[in-house]
Amino acid sequence: MRKMTVDYTLPKNIPLLFKKRAQEFGNLYSQASKDENGVFQKYTYSEVYEKIICFTSALKTLGIGKGSNVAIISDNRKEWLITDFAIQSLGGADVPRGCDSMGNEIRFIIDFADCEVAFFENYAQIEKVTCEMKEVPNLKKVVSFETLDETQIAAVKAFGLEVFNFNQLMAKGIEIAKADWEKTKADYEAALQTIEADDVCTMIFTSGTTGTPKGVMLTHRNFMSQLSVVHNYMPGKDGEWFLSILPIWHSFERLAMYVAILLKNGIAYSKPNARVLLADMKEIQPRLMPGVPRLWEALATGVEKTMQKKGGVTYKLYKFFMKVGKAYANYRDEVTGNITRERKINKVARFFHGLIPFILLWPLRGLGDFLVYRKIRAKFGKRFVFAVSGGGALQKETDDFFRAINLKMVEGYGLTETAPAIAFRNYRRPQTGCVGTVFPTIEMKIVKEEDGQVAGTEPLAEGQRGLILIRGPHVMKGYYKRPDLTEKVIDKDGWLNTGDVGLVTFDGFLKITGRAKDTIVLLDGENIEPVGIENALCASEFIESAIVLGQDQKYLASLIVPCKEAIEKWAKNNNIIYDTYEALVNNPQIKKLIEKIVNDTISLKKGFRTCEKIFKIALLSESFKVGRELSAKLEMKRFKIAEMYASLIATLF
């Protein structure tokens, strides 16, 4: 295994890193963003740095300073980066969320985080707050990235808010700076030195155990410690491009933004739409692109559908060579020893097992590259080196697709609470079936667990599954205004309980095998707390128990135990004839009844998010029992249920 190193020369805070890049590589491009005509306009590090200085001057006039929490409700765009750095440069912290967030969620976050100033992408986002102003009594000023018209400005002012447009504030900042540019710049850079490594730079809200969001306080040290080891996992070339498509409020995309700056790369803003994305990749020619598993799956599926439409010999050749590519990759890994060993195996035996098939498949794989693989890779751009997947577990089928076409897939693992990365695959030889090696700045141990809690402090041996604990400079400062919740996940010795179950392989890699805690992470990176959904479902007289499922899937599903007495009564009133209760539960009319209850309960009208919708259900005729599906405390044993009903659950996805 290649020796990992740490770069101890990085500055103590994030704005100082941008300053360093602007001074040393000012002529390199920092951003590329489409104008009103859909044409990419590019801006250098020097240009963006000057904008940050000017915008910082403007934000001072709004009263933003040391310790201020400033909301940013917007998707990724060039103004987002400038605002982020300006807030941090004043010693404040941004509190981000995306445009797909519900109004009640946004209002809760703005109020709980004590935000007096909030940035919004457009008027539609502002309306999510002004519709219930009593829920955000401390909000005083709003800024819109998109220019508001006079009618919209008047409507917002009617709620007693001061209103600004981004461009208006930028012009004000430029005017302030022009009066004495050298002094403005010197004052700005002197202020950067007062921002300490342990100051909070962002507060990212993530779901709590009851569905109530928790504010994860991340410091400059949290991010800088990540950046100090990135060169081991994600090398870059000066002047290359990252393509940004993920929600910037997500900690994974935030880290990617800082990594691009670290590597002296530019950030081009695109959209997670296959048609737009592929066109932008062709134009920008990015070196890499961070994405969630759902994105990579969509791209792989898109290729499959395109080939299927062509049909005939073309599709048959595609299917044949994809099988060849996958088989070749598997045998190649056996020969090179690039395999995940959960148990001790004989590498020599594996070498000879894979050698002959590897040799025989080599010319076919070469032909496949000429006819198929290189044409698929070309869609990602000529400079595209590898894909980066995070925010959820990568599906094996998707991973195999990229291995088959010989495009490296670097999968990572982490939590919002760890800013976010903990481990990454080696970009030189990305190994399947694991999330790579733990960062050298992090301590990790696998311990015994029971119901998601630590049941032993001694590290388990290689190959033994247990709860993953993390300690080091990546770990958050805590949950904002919730020391009680912080104490539940970080012990007195600084160990963070990730809530994930995993093991260390016999090659020293980390493999994630499941989740000990209840949080469900969908393929698109959305975090879902199932307890609130389950409680809402069980409020119905017809539902006795419900468990929400969907870890690493596209959507949520549920196993539901109907309330026997209520169901039998409903069946009698509706003249449904049945022999046994099991037959009644399997009656299509009963399933239709429960589906209607589920759809009516878990809906936008009831305050649930779109991603929390239950798409499929299966009904169980037997109640959950203590010692089987339930613990002694009558809590659902989620992993036990997943094992007991594995075949039924498989039909839901």
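Contacts classified as side chain to side chain donor-acceptor pair (under 3.5 Å) and involving residues 264-293 (residues at least two apart or in different chains) are given here: Gln31-Tyr269, Lys34-Asp280, Ser270-Asp280.
A salt bridge is defined here as a Lys NZ or Arg NE, NH1 or NH2 lying under 4.0 Å from an Asp or Glu carboxylate O, and Asp187 with Lys60 fails to meet this definition. Under the 4.0 Å criterion applied to side-chain N and carboxylate O atoms, Lys12 and Glu196 are assigned as salt-bridge partners.
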Would Ile126 and Leu148 satisfy side-chain contact (heavy atoms from CB on, under 4.5 Å), going step by step from the backbone distance to the final call? CA-CA 11 Å; Ile126 298 175; Leu148 304 180; 4.0 Å; yes
Steps toward side-chain contact (heavy atoms from CB on, under 4.5 Å) verdict (Met234, Val410): CA-CA 9 Å; Met234 201 179 298; Val410 180; 5.7 Å; no
Going through the checks in order, is the side-chain contact (heavy atoms from CB on, under 4.5 Å) test met by Val70 and Val117? CA-CA 5 Å; Val70 182; Val117 181; 4.2 Å; yes
With side-chain contact (heavy atoms from CB on, under 4.5 Å) as the test, would you mind laying out the steps for Arg21 and Leu262 before giving the verdict? CA-CA 8 Å; Arg21 290 293 174 262; Leu262 174 78; 4.0 Å; yes
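A centroid separation of less than 6.0 Å is found between the aromatic rings of Phe166 and Phe55.
Checking side-chain atoms of Arg107 against main-chain N and O of Val129 turns up no donor-acceptor pair under 3.5 Å. Between the side chain of Asp7 and the backbone N or O of Leu227 there is no donor-acceptor pair closer than 3.5 Å. No side-chain donor-acceptor contact under 3.5 Å links Gln168 to the backbone of Val143. A distance-only check finds no donor-acceptor pair linking the side chain of Lys19 to the backbone of Leu192 [under 3.5 Å]. The closest donor-acceptor contact from the side chain of Arg377 to the backbone of Leu407 lies at 3.5 Å or more, if one exists at all. Between the side chain of Ser228 and the backbone N or O of Ser225 there is at least one donor-acceptor pair closer than 3.5 Å. At distances below 3.5 Å, at least one donor-acceptor pair connects side-chain atoms of Lys477 with backbone N or O atoms of Asp198. Of the possible polar contacts, none joining the Thr61 side chain to the Ser57 backbone as a donor-acceptor pair under 3.5 Å is found. Of the possible donor and acceptor atoms, none in the side chain of Arg221 sits under 3.5 Å from a partner among the backbone N and O of Pro473. Within the 3.5 Å criterion, the main-chain N or O of Tyr479 finds a donor-acceptor partner in the side chain of Thr486.
Between Pro430 and Glu411 there is no side-chain heavy-atom pair separated by less than 4.5 Å. For the pair Gln152/Glu146, no side-chain contact is recorded, criterion being any heavy-atom separation below 4.5 Å from C-beta on. Counting only heavy atoms from C-beta outward, the side chains of Glu526 and Val292 never approach each other to under 4.5 Å. Taking the side chain as every heavy atom from C-beta outward, Phe384 and Pro286 approach each other to under 4.5 Å. The shortest side-chain heavy-atom distance between Met170 and Ile82 falls under the 4.5 Å cut-off. Looking at Asp199 and Asn13, their side chains never come closer than 4.5 Å, going by heavy atoms from C-beta outward. A heavy-atom distance below 4.5 Å is not found between the side chains of Arg77 and Ser33. Gln125 places a side-chain heavy atom less than 4.5 Å from the side chain of Cys99.
Going from atom CD1 of Ile204 over to atom CE of Met476 covers 12.0 Å, rounded to the nearest 0.5 Å. Asn69 CG to Glu116 CD: the interatomic distance, rounded to the nearest 0.5 Å, is 10.0 Å. Here the CD-CD distance, from Glu297 to Gln395, works out to 6.5 Å after rounding to the nearest 0.5 Å. Atom-to-atom distance recorded for Asn122:CG and Thr147:OG1 is 11.5 Å, nearest 0.5 angstrom. Between the CG atom in Leu415 and the OG atom in Ser251 there is a gap of 8.5 Å [rounded to 0.5 Å]. Remark: Glu132 CD to Asp111 CG distance equals 12.5 Å, nearest 0.5 Å.
Side-chain polar atoms of Ser144 and Asn165 form no donor-acceptor pair below 3.5 angstrom. For the residue pair Gln88/Asp84, the side-chain donor-acceptor check at 3.5 Å is satisfied.
Closest of all the heavy-atom pairs between Cys115 and Ala71 is SG-N, 3.7 Å. Taking all atoms of both residues into account, the shortest heavy-atom contact from Ile284 to Ala32 is CD1-CB, 4.3 Å. Heavy atoms only, all atoms of each residue included: Gly291 and Leu246 are closest at CA-CD1, 3.8 Å. Here the shortest heavy-atom pairing between Met281 and Leu243 reads CG-CD2, 3.4 Å. The minimum heavy-atom distance linking Pro15 with His220 is given by the pair CD-CE1, 3.7 Å. The two residues Val6 and Pro440 come nearest to each other via the heavy atoms CG2-CG, 4.2 Å.
Around the CD atom of Glu24, the shell of radius 6.0 Å holds more than 12 heavy atoms that belong to other residues, nucleotides or ligands. Enclosure of atom NZ in Lys157 is not indicated, since only 12 or fewer non-hydrogen atoms of other residues, nucleotides or ligands lie within 6.0 angstrom. No more than 12 heavy atoms of other residues, nucleotides or ligands shown are found within 6.0 angstrom of CG on Asn27.
No cation-pi contact links Lys408 to Tyr427, judged by a cut-off of 6.0 Å to the six-membered ring centre and 45° from its axis.
Between Phe223 and Tyr258, the ring planes are perpendicular. Angles over 60° get that label, and only those under 30° would be called parallel. Using bins of under 30°, 30° to 60° and over 60° for the plane-to-plane angle, the ring pair His250/Phe252 lands in the perpendicular bin. Relative orientation of the Trp241 and Tyr29 rings is parallel, given thresholds of 30° and 60° on the angle between their planes. The aromatic rings of Phe112 and Tyr480 stand perpendicular to each other, their planes meeting at an angle above 60°, with 30° marking the opposite boundary.
Every residue two or more places apart in sequence or in another chain that forms a ring pair (Phe, Tyr, Trp, His ring centres under 6.0 Å) with Phe439 is listed here: Tyr233, His474.
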